[in-house]
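Numbered from 1 within each chain, the chains take letters A, B, ... in sequence-line order.
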Number of protein chains: 2
Amino acid sequence: MPSSTVENYLKRIFLEQQAEPTGDIVSMKNLAGAMGVTAGTATSMAKSLADSKLVAYEPYGGVKLTARGRTVALRVLRRHRLIECLLVEALGLDWSEVHDEAEKLEHAISDKLLDRIDEFLGFPSVDPHGDPIPTAGGEIRHSALTALTEVEQGAEVRIARVLDQDEQFLRFVDRHMLRPGTRARVLVQDHAAEAVTVQSGKLPAVTMGRTAAAKIMVELIKG
Amino acid sequence: MPSSTVENYLKRIFLEQQAEPTGDIVSMKNLAGAMGVTAGTATSMAKSLADSKLVAYEPYGGVKLTARGRTVALRVLRRHRLIECLLVEALGLDWSEVHDEAEKLEHAISDKLLDRIDEFLGFPSVDPHGDPIPTAGGEIRHSALTALTEVEQGAEVRIARVLDQDEQFLRFVDRHMLRPGTRARVLVQDHAAEAVTVQSGKLPAVTMGRTAAAKIMVELIKG
DNA sequence: TATCATATTTTGACATATCAAAATTTCTGG
DNA sequence: CCAGAAATTTTGATATGTCAAAATATGATA
Ligand SMILES: [Mn+2]
Ligand SMILES: [Mn+2]
Ligand SMILES: [Mn+2]
Ligand SMILES: [Mn+2]
């Protein structure tokens, strides 16, 4: 029975641990930043999570999930992502608006209901953004994807995952038919201009900056 | 932006106001009982709701919703009941288990999502228990129904509403095919034994006590 | 009307979650 | 290695929501 606050912290720590390649440890600064709280608040929460054996906390070091903390984090993430699927697939919400909704619902759903949702959706393995859905058993498998910036010029790809949940960005992706599942072709890799040009469906090609392109993960299509 | 606690109190006050025929005012004792808190807690909450102009509070008198409080209460009730519909109709949960689930979800759903749910369900006017769903405009219309105890012996009725949300009771109702919408016949009104005998579908007749029968509301079928 | 049971309010305490600002530690560049 | 910058922790405060137990008010009854 962790509170929603605790669930949010644990989920965030999990995601930050994955994101930061600086080892496995999340600093108070990063945690506070990611949670939108002051550093002092992050510190006191870190202690309290450590008291509950959900994280290992080293003063002046940082915080890292324990096995138990990871289990809780993955359960929250599973709920979050399955809810996103439900909202998009059953209720027709736009994928650019489901994130905030799921942020609240992920704390309000029983295991039983979650199972029904999973079944109803046909046991999906990724959410509408292409993010992998942890299993009920607490495993998460992230397939090896390539960023759009790393693809050879001329290659055919299938969009697999969009790493930025920002509404603006998701709508941009939508406009140019670059949702997960779509097939596209990389027309130009302009390293000097730090730009990538992509073309999807019958739409005109679009050129985007490397930072934007780096947030679009793809699979190469054989042949 | 009322907290879920505030939403729960307001909804409960609304329901208690309707239930108690002792005027329109809810005593601290009743409020505390209904909310499962101590009397002191109810008092302090009553004051704080009064500060926010959500209830009128008279010390040693009791509490009564203001127009604003009623609006909030009805919005919560609308969310609760539409969610119950969704869980039963789209996700196939049993009507005996949706209440607790809705109790949490009712605080976690945006207006936008609620509209989608309403649309998805085809704008239902009652929930799975036959409870009326307040409109988006904040109105609630309760049709004049008759308790099973008040019906003439031999009458044909349509079950319209079940007033008790208790799992045991709902399952009893289910077993004997007395869900809202079902047609049934009142075979015996035994006033001496304080019992009512009803028969539905092809099932054998069932005899229940008056207190149970009083919780089943029906419409008389013409002819 | 005086008394007593019952309802209500008040008081003091606690848990959680947060902030601002002060104090402290760690890191880094010269 | 040492001074200043940056990160972190500590301190003192606030808001919400709760309880137990003490104090007080209300209302029925004898
Ligand atoms: Mn959340
Ligand atoms: Mn997602
Ligand atoms: Mn509730
Ligand atoms: Mn209901």
Side-chain angles (χ1 to χ4, degrees), chain A residues 1-13 16-17 19-64 69 72-73 76 103-104 106-108, chain B residues 1-13 16-17 19-64 69 72-73 76 103-104 106-108:
Chain A
M1 325 32 318
S3 67
S4 5
T5 304
V6 166
E7 290 191 337
N8 284 333
Y9 274 92
L10 293 174
K11 186 184 64 176
R12 187 53 50 192
I13 291 167
E16 292 294 313
Q17 276 188 211
E20 244 110 348
T22 330
D24 227 10
I25 286 174
V26 181
S27 69
M28 289 306 107
K29 184 167 194 230
N30 283 199
L31 182 55
M35 291 299 297
V37 298
T38 63
T41 300
T43 298
S44 83
M45 195 62 195
K47 284 182 187 174
S48 128
L49 293 174
D51 287 349
S52 315
K53 313 266 190 227
L54 293 165
V55 303
Y57 165 61
E58 203 64 53
Y60 295 102
V63 99
K64 181 181 169 164
V72 175
V76 180
E103 202 55 54
K104 296 194 71 185
E106 69 190 357
H107 312 290
Chain B
M1 324 57 287
S3 67
S4 5
T5 305
V6 166
E7 290 190 338
N8 282 334
Y9 274 92
L10 294 174
K11 186 184 65 176
R12 187 52 51 191
I13 291 166
E16 292 294 313
Q17 276 188 209
E20 244 109 347
T22 331
D24 228 10
I25 285 174
V26 181
S27 69
M28 289 307 107
K29 187 169 193 229
N30 282 197
L31 182 55
M35 291 299 298
V37 297
T38 63
T41 299
T43 299
S44 84
M45 196 61 196
K47 284 184 187 172
S48 128
L49 294 174
D51 288 348
S52 315
K53 313 268 190 224
L54 293 165
V55 304
Y57 165 61
E58 202 64 53
Y60 294 102
V63 99
K64 180 181 168 166
V72 175
V76 181
E103 201 56 53
K104 296 194 71 185
E106 69 190 357
H107 312 291

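For A/E7, the salt bridge (Lys or Arg N to Asp or Glu O under 4.0 Å) partners two or more places apart in sequence, or in a different chain, are A/R79. In this structure B/K11 satisfies the salt bridge (Lys or Arg N to Asp or Glu O under 4.0 Å) test together with B/E103, B/E106, sequence neighbours excluded.
In this structure, the CD atom of B/E58 is 14 Å from the C1' atom of C/dT9, given to the nearest Å. We find that CG of B/L31 is positioned 14 Å from C1' of D/dT18, with the value rounded to whole Å. Atom CE in B/M35 sits roughly 18 Å away from atom C1' in C/dT8 (whole-Å rounding). When rounded to the nearest whole Å, the span between CG of B/L10 and P of D/dG17 equals 11 Å. As a whole-Å value, the separation of B/L54 CG from D/dT16 P is 13 Å. Atom CG of B/L49 and atom P of D/dT18 are 11 Å apart (whole Å). In this structure, the CG atom of A/N8 is 9 Å from the P atom of C/dT18, given to the nearest Å. Rounded to whole angstrom, the span from the NZ atom of B/K29 across to the P atom of D/dG27 amounts to 15 Å.
Using a 4.0 Å cut-off, no side-chain N or O of B/T38 falls inside it from OP1 or OP2 of D/dA20.
Comparing A/G36 and A/P59 by the nucleotide of DNA chain C that holds the closest heavy atom to each, the one mapping nearer the 5' end is A/G36.
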Sequence neighbours left out, cut at 3.5 Å: what donor-acceptor pairs do the side chains of residues 35-56 of chain B make with other protein atoms?
unit_1 : atom_1 : unit_2 : atom_2 : d
B/T38  : OG1    : B/T41  : N      : 3.4
B/T38  : OG1    : B/T41  : OG1    : 3.0
B/T43  : OG1    : B/A39  : O      : 3.1
B/S44  : OG     : B/T41  : O      : 3.3
B/S52  : OG     : B/S48  : O      : 3.1

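Distance from the side chain of A/V6 is smallest for C/dA17 among the nucleotides C/dA17, D/dT9, D/dA7. If you check D/dA7, C/dC19, C/dT8 against the side chain of B/S27, the one that comes closest is C/dT8. Checked against D/dT8, C/dA17, C/dT8, the side chain of A/S3 finds its nearest nucleotide in C/dA17. Among the nucleotides D/dT18, D/dT9, D/dG17, the one closest to the side chain of B/V37 is D/dT18. Out of C/dT9, C/dA17, D/dT9, the shortest distance to the side chain of A/M45 is found at C/dA17.
In terms of heavy-atom proximity, A/A108 sits nearest to B/K104 at O-CB, 3.9 Å. Across all non-hydrogen atoms, the minimal contact from A/V72 to A/P2 is CG1-CG, 4.1 Å.
To the nearest 0.5 angstrom, A/I13 atom CD1 is 12.0 Å from A/I25 atom CD1.
For the pair B/V63/B/M28, a side-chain contact is recorded, criterion being any heavy-atom separation below 4.5 Å from C-beta on.
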Give me, pair by pair, the N or O atoms of the protein and of nucleotides 10-14 of chain D that are less than 3.5 Å apart, along with how far apart they are.
unit_1 : atom_1 : unit_2 : atom_2 : d
D/dT10 : OP2    : A/K47  : NZ     : 2.1

Atom pairs under 3.5 Å, N or O on each side, protein against nucleotides 23-25 of chain D: can you list them with distances?
unit_1 : atom_1 : unit_2 : atom_2 : d
D/dA25 : O4'    : B/Y60  : OH     : 3.2

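When the C1' atoms of four end pairs are superposed on the next four at each end of the helix from C/dT1-D/dA30 to C/dG30-D/dC1, using five pairs per end, the two resulting axes differ in direction by 10°, to 10°.
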Task: Step-by-step side chain to side chain contact (heavy atoms under 4.5 Å, CB included) determination, A/V26 to A/R12 - done: CA-CA 10 Å; A/V26 181; A/R12 187 53 50 192; over 6 Å; no
